[in-house]
Peer 1: 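I have a structure here, written as structure tokens, and I will follow up with some questions on it.
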Amino acid sequence: VLSCSCLPDLREDNDPPCTAENKQVIERQCNVLKSDKFKVCHSLVNPDDFIEICIYDMCQYDGMKSALCDIVQVYVDTCKNHGITIKWRNSTFCPLPCPSRSHYKDCVSACPSTCSDIFASSLCEKTEECTEGCECDDNYVLSNGNCVPLSSCGCRDDDNNYYSVSSLWSKPLTSK
């Protein structure tokens with residue numbers, strides 16, 4: 001006969017390391033998930049577990065704002081998986097840092113315009129799916145991961161080969 005018994009749980013308490021004062025501030029911040037901005041999703045995704053995780057993580061990391069933003073992002077992604085899209089970032093709440101000459105948008109093209117294909121975003125197959133991200137400012141396009149002025153893009157030859165501006169200066173120009 002096989003007999004099993006459980007050992008007592010000797011792990012430390014799972015309460016996060018927070019002072020009472022710090023915990024109040026953190027709870028207020030995490031309770032943003034109960035605000036009207038997220039209300040549209042509450043019936044499908046209960047925010048309480050996310051708030052609990054948020055409080056724990058923020059206490060664990062001494063109120064680090066990125067912990068709050070990460071949990072809110074997970075909640076928003078979970079809502080999106082249920083068909084609910086929530087626009088929640090702004091310039092003061094969990095802003096998404098964008099490189100120079102670009103800006104944050106809550107819905108960017110999956111096919112951004114680039115120097116080698118400046119019409120990519122307008123010709124891209126339109127889908128319901130979009131994602132938040134950074135988009136180049138007007139008159140700028142992507143080139144090697146950076147937003148560059150459209151005027152600094154190269155050109156294509158008759159065989160559709162792309163040449164950057166810098167490569168044009170190093171090649172002899174020939175006519176057919």
Side-chain angles (χ1 to χ4, degrees), residues 4-115 120-121 124 126-150:
C4 294
S5 62
C6 292
L7 296 174
D9 185 355
L10 300 176
R11 293 176 295 177
E12 288 183 34
D13 195 1
N14 272 341
D15 282 339
C18 248
T19 63
E21 180 184 316
N22 200 10
K23 189 170 182 180
Q24 280 185 331
V25 170
I26 287 171
E27 282 177 349
R28 270 197 308 274
Q29 291 175 329
C30 292
N31 277 327
V32 70
L33 287 174
K34 289 186 177 178
S35 71
D36 287 345
K37 187 174 289 233
F38 302 95
K39 197 175 198 172
V40 66
C41 190
H42 289 171
S43 63
L44 294 171
V45 181
N46 186 335
D48 292 343
D49 290 339
F50 293 87
I51 291 169
E52 194 175 312
I53 293 166
C54 176
I55 293 167
Y56 184 90
D57 286 359
M58 284 191 72
C59 283
Q60 185 72 34
Y61 298 107
D62 198 29
M64 193 166 67
K65 289 282 192 275
S66 62
L68 169 65
C69 297
D70 289 347
I71 292 296
V72 173
Q73 181 67 63
V74 171
Y75 183 79
V76 167
D77 289 344
T78 305
C79 292
K80 190 170 188 172
N81 290 340
H82 285 84
I84 306 285
T85 301
I86 299 172
K87 297 177 183 180
W88 63 282
R89 289 188 195 269
N90 61 43
S91 61
T92 58
F93 185 71
C94 299
L96 191 67
C98 290
S100 63
R101 299 181 293 272
S102 69
H103 57 277
Y104 170 79
K105 279 187 76 175
D106 54 18
C107 184
V108 295
S109 172
C111 319
S113 295
T114 64
C115 272
S121 62
C124 185
K126 302 289 185 219
T127 64
E128 294 295 316
E129 292 293 314
C130 70
T131 185
E132 66 177 352
C134 299
E135 180 177 84
C136 289
D137 295 340
D138 287 343
N139 297 314
Y140 286 84
V141 294
L142 275 179
S143 179
N144 297 323
N146 297 311
C147 293
V148 299
L150 195 53

Peer 1: Please name all residues satisfying side-chain hydrogen bond (donor to acceptor under 3.5 Å, both in side chains) with S102, sequence neighbours left out, ordered by chain then number.
Peer 2: none
Peer 1: Report the distance from atom SG of C79 to atom CH2 of W88, rounding to the nearest 0.5 Å.
Peer 2: 11.5 Å
Peer 1: So for atom CG, which belongs to N144, do other residues, nucleotides or ligands contribute more than 12 heavy atoms lying within a distance under 6.0 Å?
Peer 2: no
Peer 1: Hey, could you give me the CG/CD1 distance between D57 and I71, rounded to the nearest 0.5 Å?
Peer 2: 5.0 Å
Peer 1: For residues 25-33, please give each side-chain donor-acceptor pair under 3.5 Å, one per line with the distance, not counting sequence neighbours.
Peer 2:
residue, atom, partner, partner atom, Å
N31, ND2, E27, O, 3.1

Peer 1: Holding to ring pair (Phe, Tyr, Trp, His ring centres under 6.0 Å), I want the full list of residues that pass it with F38, two or more places apart in sequence or in another chain.
Peer 2: none
Peer 1: Taking the side chain as every heavy atom from C-beta outward, state whether I86 and C41 have any atom pair closer than 4.5 Å.
Peer 2: yes
Peer 1: Taking H103 for the side chain and C134 for the main chain, is one N or O donor matched with an acceptor at less than 3.5 Å?
Peer 2: no
Peer 1: More than 12 heavy atoms of other residues, nucleotides or ligands under 6.0 Å from CG of D137: yes or no?
Peer 2: yes
Peer 1: For the side chain of T19 and the backbone of N22, is there at least one donor-acceptor N/O pair under 3.5 Å apart?
Peer 2: yes
Peer 1: Below 4.5 Å, heavy atoms only, C-beta onward: do V108 and E132 meet side chain to side chain?
Peer 2: no
Peer 1: With sequence neighbours left out, which residue pairs that include part of residues 92-101 fulfil the side-chain hydrogen bond (donor to acceptor under 3.5 Å, both in side chains) condition?
Peer 2: N90-T92
Peer 1: Please report the interatomic distance NZ(K80) to OG1(T78), rounded to the nearest 0.5 Å.
Peer 2: 12.0 Å
Peer 1: Going from SG on C98 to NZ on K105, what distance comes out if it is rounded to the nearest 0.5 angstrom?
Peer 2: 11.5 Å
Peer 1: Holding to salt bridge (Lys or Arg N to Asp or Glu O under 4.0 Å), I want the full list of residues that pass it with D138, two or more places apart in sequence or in another chain.
Peer 2: none
Peer 1: Using the side-chain hydrogen bond (donor to acceptor under 3.5 Å, both in side chains) rule, collect all pairs that involve residues 64-77, keeping only residues at least two apart or in two chains.
Peer 2: Q73-D77, Q73-R89
Peer 1: Just wondering, do L142 and C136 contact through their side chains at under 4.5 Å, heavy atoms?
Peer 2: yes
Peer 1: Look at atom CZ of F93 and say whether more than 12 heavy atoms of other residues, nucleotides or ligands are closer to it than 6.0 Å.
Peer 2: yes
Peer 1: Minimum heavy-atom separation for S35 and H42, please, with both atom names.
Peer 2: O-CE1, 4.0 Å
Peer 1: Which residue is it: P149, P112, C115, C147? I am looking for the one with a side chain to side chain contact (heavy atoms under 4.5 Å, CB included) to V141.
Peer 2: C115
